[in-house]
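Structure first, commentary second.
In what follows, every heavy atom counts, from backbone to side chain, and hydrogens, waters and symmetry copies are set aside.
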Amino acid sequence: QVQLVESGGGLVQAGGSLRLSCAASGTSFSIDRMGWYRQAPGKQRELVATITSGSNTNYADSVKGRFTISRDNAKNTVYLQINSLKPEDTAKYFCNLRFYSTTSYAYREVWGQGTLVTVSS
């Protein structure tokens, strides 16, 4: 069983910064891709950024230049550095993991519970 635990959210004024963390734990798996998604009230969940096992990154246009995704392979942890926060960044941020299971011999996906980011004007 693989689980994700997110942390780092909070209440921040516009222009401030946050660093989100997501740690994966479990056995019999290898990470294929990790990423961050967000969902604001009344809106669909949207991709923010992803990073592959080879450290290739992908960002939503709305966050390019402000957000940076990175990972620590030894800790099975992915980070999201968020700078120049805007009120429209307010959302619950979810960590996503796509991994290969060495018990089921298949690619699988799990989601964290999310961490709330609130940006005040």
Just to verify, what does Asn76 make a side-chain hydrogen bond (donor to acceptor under 3.5 Å, both in side chains) with, not counting sequence neighbours? none

Do [X] and [Y] have side-chain heavy atoms sitting under 4.5 Å apart?
X: Val78; Y: Ile51; result: yes
X: Cys95; Y: Trp111; result: no
X: Leu18; Y: Val117; result: yes
X: Asn96; Y: Leu4; result: no

Greater than 12 external heavy atoms within 6.0 Å of Gln113's CD: no

Could you walk me through whether Asp72 and Tyr79 pass side chain to side chain contact (heavy atoms under 4.5 Å, CB included), step by step? CA-CA 8 Å; Asp72 185 332; Tyr79 306 95; 4.1 Å; yes

Under 3.5 Å donor-acceptor, [X] side chain and [Y] backbone:
X: Arg71; Y: Thr52; result: yes
X: Thr77; Y: Lys75; result: yes
X: Ser17; Y: Asn83; result: no
X: Tyr37; Y: Ala49; result: no

Hydrophobic cluster membership, with links at side-chain heavy-atom distances under 4.5 Å among I/L/V/M/F/W/Y: are [X] and [Y] in one?
X: Met34; Y: Val63; answer: yes
X: Ile69; Y: Leu85; answer: yes
X: Tyr100; Y: Val110; answer: no

Considering all heavy atoms of both residues, which atom of Ala91 and which atom of Ala40 are nearest to each other, and what is their separation? CB-N, 3.9 Å

[X] [atom1] to [Y] [atom2] distance, which is reported to the nearest 0.5 Å:
X: Ser121; Y: Gln13; atom1: OG; atom2: CD; value: 10.0 Å
X: Arg38; Y: Thr90; atom1: CZ; atom2: OG1; value: 9.0 Å
X: Phe94; Y: Glu6; atom1: CZ; atom2: CD; value: 7.5 Å
X: Phe67; Y: Leu80; atom1: CZ; atom2: CG; value: 6.0 Å
X: Leu97; Y: Glu109; atom1: CG; atom2: CD; value: 8.0 Å

Assess whether a salt bridge exists between Asp61 and Lys64, defined as any Lys/Arg side-chain N lying under 4.0 Å from an Asp/Glu carboxylate O. yes

Residues Arg66, Tyr59; criterion side chain to side chain contact (heavy atoms under 4.5 Å, CB included); working and verdict: CA-CA 10 Å; Arg66 298 189 299 120; Tyr59 296 93; over 6 Å; no

Identify each donor-acceptor pair in which a side-chain atom of residues 19-33 lies under 3.5 Å from a protein atom, sequence neighbours left out, and give them as a table.
residue	atom	partner	partner atom	Å
Asp32	OD2	Arg98	NE	2.7
Asp32	OD2	Arg98	NH2	2.7

